[in-house]
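Below: one structure, written as structure tokens.
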Amino acid sequence: MTIVHEDRNGCALHGGVRLLGAIGGLVPIVHANAGCSLGATLADGTPSGSGGPRYTGPLETSSTTLVERHVVFGGGSRLREQIKNTVKVLAGDAYVVLTGCVPEVIGDDVPAMVKEARQQHFPVLSVATPGFNGNAYRGYETLLNTLVDQLPPLLDEAAAAADAAPDATAEAINLLGIAPGQDAFWEGDLLELEGWIGRLGVPVRRLVGVGQTSADWRVLPRARLNVVLSPWGREAARRLHSRHGTPFVDFGWLPVGSRDLALLIGQIGQSLGVAAEGIAAVTQALDVRERHFLQKFAASYLHHGLQQRVAIVGGTAYAIGLARYLAGTLGQTLAAVIVTDVPDESRRPDITAALGGGAEAVLFSDSSDEIAAALTAAAPQVIFGSVIEAGAARALDAPLVITAAPTGHSPVLVRSYAGIAGALALAEDFSAAVIRHQAAADEHAAGTAWPLSRRAA
Amino acid sequence: MTKRTQHIAIYGKGGIGKSTTTSNIAAALADAGYRVVQIGCDPKADSTVTLRGVNYLPTVLDRTREGGRVHLEDISVVGFRGVLCIEAGGPVPGVGCAGRGINAAISLLQDLHLFEEFKPDIVLYDVLGDVVCGGFAVPIREGLTDRVYVVSSSDFMAIYAANNLFKAIQKYAPSGGAKLGGIIANGLIAPYARPLIDDFAVQTETRVVQYIPRSSTVAQAELHGTTVIEAAPDSAHAAIYRELGEKIVADDSSVVPQPLGVNDLRDWARQWGDLILREGADAPVPIRAVA
């Protein structure tokens with residue numbers, strides 16, 4: 001496959017559009033060039049194979065589609081017109097103006113347009129997400145911070161006007177930091193975590209994905225606890241803490257397997273004041289479940305020599321989560337861990353520390369050339385990463401397990417690599433990739449069919 | 001002493017004496033015990049020179065260009081009587097986008113919690129004279145500054161620039177932008193200068209808050225790289241700047257100016273030209289000479 005356009009992390013606008021698409025009742029209004037909104041819409045589907053239905057539909061995105069006239073004379077009045085029309089044709093609980101590069105460079109007074117709409121009692125807010133501010137993770141973070149600050153009061157205002165009753169499930173745990181679309185397996189992963197964390201007896205709000213709507217965001221400040229699963233949710237949790245006093249657990253990565261999930265559930269339980277026995281009941285269940293299925297795996301693990309040198313390429317949450325599980329539970333050797341979401345320098349020592357010194361090489365980079373060179377140098381037997389690593393994998397004759405965006409020809413519906421089900425799926429996909437690779441090599445060498453008798457060298 | 005931080009933007013044509021005036025206001029207020037921040041919003045980055053000496057102060061955008069995390073102490077220096085001096089800076093002349101630069105620099109200062117940390121009584125933004133794009137209008141938009149003052153001499157081009165700034169203020173005022181505190185009439189020499197500016201204020205429904213005659217005291221202080229407040233604290237001009245500073249702090253009233261149309265401004269100027277030609281440039285002119 002020839003990669004013509006390599007889009008690993010998208011841009012801030014993409015991150016914003018993807019987050020809004022994952023929340024029922026929120027309508028994005030993209031204030032940017034025509035190409036930007038179409039790009040953001042198409043890119044919504046690209047990283048994870050299939051973007052799926054968004055609140056406003058699979059392709060519908062309200063956009064100001066700026067042209068030269070607006071660049072020269074300003075795009076403010078075009079945005080005014082677009083807001084006015086969008087609230088007429090797209091039903092929503094709130095409308096969020098996301099700005100692209102052009103209005104941010106020319107200095108459109110977007111807040112003034114939003115203020116006008118608010119004066120007419122339309123629930124509108126705006127967030128600056130120019131692509132030059134950073135990648136889709138940065139856009140996710142920027143929008144998340146604005147939403148936790150501004151969306152609940154905006155929705156309260158609208159609800160008061162409509163005389164709606166407050167939500168009954170205010171006392172919940174919020175999960176923050178997993179970026180819809182950019183983190184390819186976000187939806188399945190959050191559903192998996194919701195199930196296990198919920199066993200502590202407190203409802204869990206994923207805030208994004210199936211069944212999650214503006215109603216969940218409206219009561220978000222009244223949560224008992226915020227749980228942060230990547231560097232990108234920390235600032236939002238910090239703001240909620242300073243404004244509403246909500247405590248937070250800054251876990252920092254996605255728990256894969258019983259060991260890390262027990263660690264997370266322990267921290268959450270302690271923070272909520274759950275009795276030690278209550279926490280133990282949940283964590284023991286994790287262990288029992290994982291052990292039961294991994295035992296099935298033991299024979300083929302030995303038979304096929306599944307202890308390998310592996311390299312992991314992905315965003316912070318997934319790179320750490322996968323590395324700790326692959327090395328800590330599945331006994332793999334970490335030849336390299338490459339973190340691709342460009343976290344702040346200040347966060348990097350924590351990320352390296354979370355890897356526990358188990359990796360031979362740790363690299364922070366989003367450059368595919370650098371990543372390919374690092375992979376070549378590390379010479380892993382198996383690569384966990386995105387479709388962009390396909391070339392390096394081929395050159396190294398190493399099987400590639402798709403665990404990051406863009407996923408290429410590997411559509412993602414509800415697949416997960418988190419928690420227990422996700423960890424077991426990872427064991428399945430990893431072993432299948434290695435065994436298929438061995439089989440293909442044998443077939444090539446001997447011209448035989450499926451090599452049932454292959455043993456570890 | 002004010003309770004709340006007042007944010008004041010000072011605009012005007014290039015070379016009209018914005019930085020000199022702003023720095024002297026800053027020095028006068030600091031001398032009177034106020035906590036003052038002066039932010040130069042001009043790519044030339046020379047707004048605060050007379051407050052801090054000629055030592056190199058890296059601009060906000062210099063530091064941003066170098067990459068990495070920017071700290072407040074890297075981009076600010078404490079000048080005369082504790083005035084915190086900051087220069088937004090900009091790209092090399094002829095490249096990039098200075099308007100976006102101003103926007104980015106101000107965003108960064110907010111991210112660094114400058115105002116929460118330093119807790120100033122007054123923040124002065126010394127802004128490039130010609131509001132050529134949206135970026136340079138950022139200081140007059142909603143939420144950033146409380147009032148705008150425009151520095152102008154009696155020269156037509158300075159008045160023309162002031163009239164253009166009034167257009168920008170008029171545009172943003174309905175959506176919550178800062179309004180005009182008044183005109184600072186600067187560098188006045190000829191007898192007609194003051195009545196001419198007064199008349200411009202009448203025509204545009206604004207007001208003049210202070211008259212600053214041209215003076216060798218100001219020129220000399222500039223040549224020595226200091227403010228008048230520092231170089232000649234007891235001079236008549238120091239008193240003028242002190243009075244101006246107190247007026248800005250004490251009087252928070254402001255108006256939406258009514259700028260003249262291009263042809264109206266031309267016609268108005270021509271009448272003044274005729275008058276000066278008729279009476280002689282040195283003749284005393286009564287205020288409201290032109291009806």
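Side-chain atoms are counted along with the backbone in the values below, which use heavy atoms only and exclude waters and symmetry mates. Each chain gets a letter, A, B and so on, in the order its sequence line appears, and its residues count up from 1.
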Hey, is CZ on B:Phe118 packed in by over 12 heavy atoms from elsewhere, all under 6.0 Å? yes

Mark yes when over 12 heavy atoms from residues, nucleotides or ligands other than B:Arg266 sit less than 6.0 Å from its CZ; otherwise mark no. no

Suppose we screen for side chain to side chain contact (heavy atoms under 4.5 Å, CB included). Which residues come up paired with B:Lys167, at least two apart in sequence or across chains? B:Asn163, B:Asn164, B:Pro259, B:Val262

After noting the C-alpha distance and the side-chain angles of A:Glu116 and B:Ser175, does the key distance pass the side chain to side chain contact (heavy atoms under 4.5 Å, CB included) rule? CA-CA 7 Å; A:Glu116 248 185 58; B:Ser175 52; 5.5 Å; no

Could you tell me which non-hydrogen atom of A:Asp344 sits nearest to which non-hydrogen atom of B:Arg69, and how far apart they are? OD2-NH2, 3.7 Å

For chain A, which residues from residues 7-20 of chain B have at least one heavy atom closer than 4.5 Å to it? none

Which residues in residues 86-102 of chain B have a heavy atom less than 4.5 Å from any heavy atom of chain A? B:Cys97, B:Arg100

Residues in residues 120-133 of chain A that sit under 4.5 Å from chain B, counting heavy atoms only: A:Phe132, A:Asn133

Checking heavy atoms, do the side chain of A:Gln119, its backbone, both or neither come under 4.5 Å from chain B? neither

With the threshold set at 4.0 Å, does a side-chain nitrogen-carboxylate oxygen contact exist between B:Lys171 and A:Asp109? no

